[in-house]
Q: 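Can you read through this structure? Questions will come right after.
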Amino acid sequence: MPRPPAARALVLDAAEQRLLDYGPSGLVLDAVAADAGVSKGGLLYHFPSKEALIEGLTARMLAGFDARQDELAKGDAEEGGAYTRAYLQSTVTPRGEAADDSARLMAGLLACMGGDRARLDTVRARFSRWQARLEGADGVDPVAATIVRLAADGLWLSSLLGLPGLTKKHAAHVLARLEDMTRAE
């Protein structure tokens, strides 16, 4: 018989879904606990405050992005540029849209964080680590890798802000060009 998900994971799942469905105002501890099927005390055992829950959501989202990049890079038959391609593929779809709910989730998390520099520093540090990996160990021109990352981030941000997207044809051309930039010369 499979083990039921741990309470911590259930709480994070429920909090993430509430954030996606209702935005920051929906991230109410009583509601998250009810959605997770745990008592409020059970929620507070794992996350003693709303801020701790936001930190937990942020950490899980960033770790998930790391894991997805690693998975894609390891499965890439071409070694040079594997992490740059993985960053591109885990950030945007072939249509140039956010690859998953990460844009919507990050919008909610950023709204919850407000201008709290300490919490934003966690996100900044992870982006710095990703950039360093693309520049130092990926086997492609560091400038090209940076352009690919910035373009992927821009497409992701456009999705986050609901800006007009690319047409299917234009997206295919843009993504193909970015993909070409991930190849070692």
Side-chain angles (χ1 to χ4, degrees), residues 12-13 16-17 19-20 23-24 54-185:
L12 287 171
D13 291 344
E16 182 176 310
Q17 196 57 56
L19 201 52
L20 290 171
I54 292 166
E55 287 174 20
L57 284 168
T58 303
R60 183 169 85 159
M61 182 182 145
L62 294 172
F65 190 70
D66 274 340
R68 180 74 178 133
Q69 286 182 72
D70 289 343
E71 174 188 330
L72 289 168
K74 287 177 183 159
D76 193 321
E78 187 179 344
E79 193 172 313
Y83 275 107
T84 305
R85 283 187 295 283
Y87 189 93
L88 179 63
Q89 293 164 3
S90 55
T91 304
V92 294
T93 68
R95 290 190 46 90
E97 300 163 343
D100 53 23
D101 281 333
S102 64
R104 290 178 39 226
L105 182 59
M106 183 56 83
L109 289 170
L110 290 173
C112 290
M113 291 178 193
D116 187 336
R117 290 184 54 89
R119 285 194 230 162
L120 291 173
D121 283 345
T122 301
V123 176
R124 289 182 185 114
R126 192 64 61 100
F127 271 86
S128 292
R129 196 171 89 211
W130 295 330
Q131 179 63 33
R133 179 169 59 187
L134 296 178
E135 286 180 4
D138 204 33
V140 295
D141 174 46
V143 172
T146 300
I147 291 169
V148 170
R149 184 191 67 83
L150 292 172
D153 290 349
L155 289 167
W156 183 86
L157 183 63
S158 292
S159 181
L160 181 145
L161 298 175
L163 301 176
L166 303 173
T167 65
K168 187 176 182 178
K169 181 179 178 183
H170 198 122
H173 291 296
V174 169
L175 273 281
R177 180 78 55 93
L178 291 171
E179 181 88 17
D180 287 346
M181 293 174 74
T182 70
R183 308 284 180 221
E185 295 178 3

Q: Check the pair Arg133 / Gln69 against side chain to side chain donor-acceptor pair (under 3.5 Å), numbers first and verdict last.
A: CA-CA 11 Å; Arg133 179 169 59 187; Gln69 286 182 72; 2.9 Å; yes
Q: What pair of heavy atoms forms the shortest contact from Pro94 to Ala171, and how long is it?
A: O-CB, 3.8 Å
Q: Would you give the length of the straight line joining atom OG1 of Thr167 to atom NE2 of His173, rounded to the nearest 0.5 angstrom?
A: 8.0 Å
Q: Between Asp100 and Arg68, is a salt bridge (Lys or Arg N to Asp or Glu O under 4.0 Å) present by the stated rule, with each step listed?
A: CA-CA 11 Å; Asp100 53 23; Arg68 180 74 178 133; over 6 Å; no
Q: Can you name the closest pair of heavy atoms from Met106 and Met61 and give their distance?
A: CE-CE, 3.5 Å
Q: Might you point out which heavy atoms bring Leu166 and His170 nearest each other, and give the distance in Å?
A: CD2-CD2, 4.2 Å
Q: Please find the pair of heavy atoms, one from Leu88 and one from Ala152, that lie closest to each other, and give the distance.
A: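 Shortest heavy-atom separation between Leu88 and Ala152 comes out as CD1-CB, 3.9 Å.
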Q: Sort out for me which residue in Asp138, Thr146, Asp76, Asp141 forms a side chain to side chain donor-acceptor pair (under 3.5 Å) with Thr84.
A: Asp138
Q: Please round to the nearest 0.5 Å and tell me the distance separating atom CG of Leu150 and atom CG of Leu178.
A: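 Rounded to the nearest 0.5 Å, the CG-CG separation comes to 10.5 Å.
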Q: Could you walk me through whether Met181 and Val140 pass the side chain to side chain contact (heavy atoms under 4.5 Å, CB included) test, one step at a time?
A: CA-CA 8 Å; Met181 293 174 74; Val140 295; over 6 Å; no
Q: From Leu175 CG over to Gln89 CD, what is the distance, rounded to the nearest 0.5 angstrom?
A: 9.5 Å
Q: Should Asp70 and Tyr83 count as side-chain neighbours, where that means a heavy-atom distance under 4.5 Å?
A: yes
Q: What do the steps show when you test Tyr87 against Phe65 for ring pair (Phe, Tyr, Trp, His ring centres under 6.0 Å), and what is the final call?
A: CA-CA 9 Å; Tyr87 189 93; Phe65 190 70; 5.5 Å; yes
Q: Is any side-chain N of the basic residue among Arg177 and Asp180 closer than 4.0 Å to the acidic one's carboxylate O?
A: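 Asp180 and Arg177: not salt-bridged.
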Q: Please step through side chain to side chain contact (heavy atoms under 4.5 Å, CB included) for the pair Arg85 and Leu72, ending with a clear verdict.
A: CA-CA 8 Å; Arg85 283 187 295 283; Leu72 289 168; over 6 Å; no
Q: What are the two closest heavy atoms between Trp130 and Leu62, and how far apart are they?
A: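 Smallest heavy-atom distance, with atoms named: CH2-CD2, 3.8 Å.
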Q: Mind listing the closest non-hydrogen atom pair of Leu57 and Leu19 along with its distance?
A: CD1-CD2, 4.3 Å
Q: Taking the side chain as every heavy atom from C-beta outward, state whether Glu55 and Thr122 have any atom pair closer than 4.5 Å.
A: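 Contact flag for Glu55/Thr122 side chains = no.
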Q: Apply salt bridge (Lys or Arg N to Asp or Glu O under 4.0 Å) to residues Arg149 and Asp153 and explain how you reach the verdict.
A: CA-CA 6 Å; Arg149 184 191 67 83; Asp153 290 349; 2.5 Å; yes
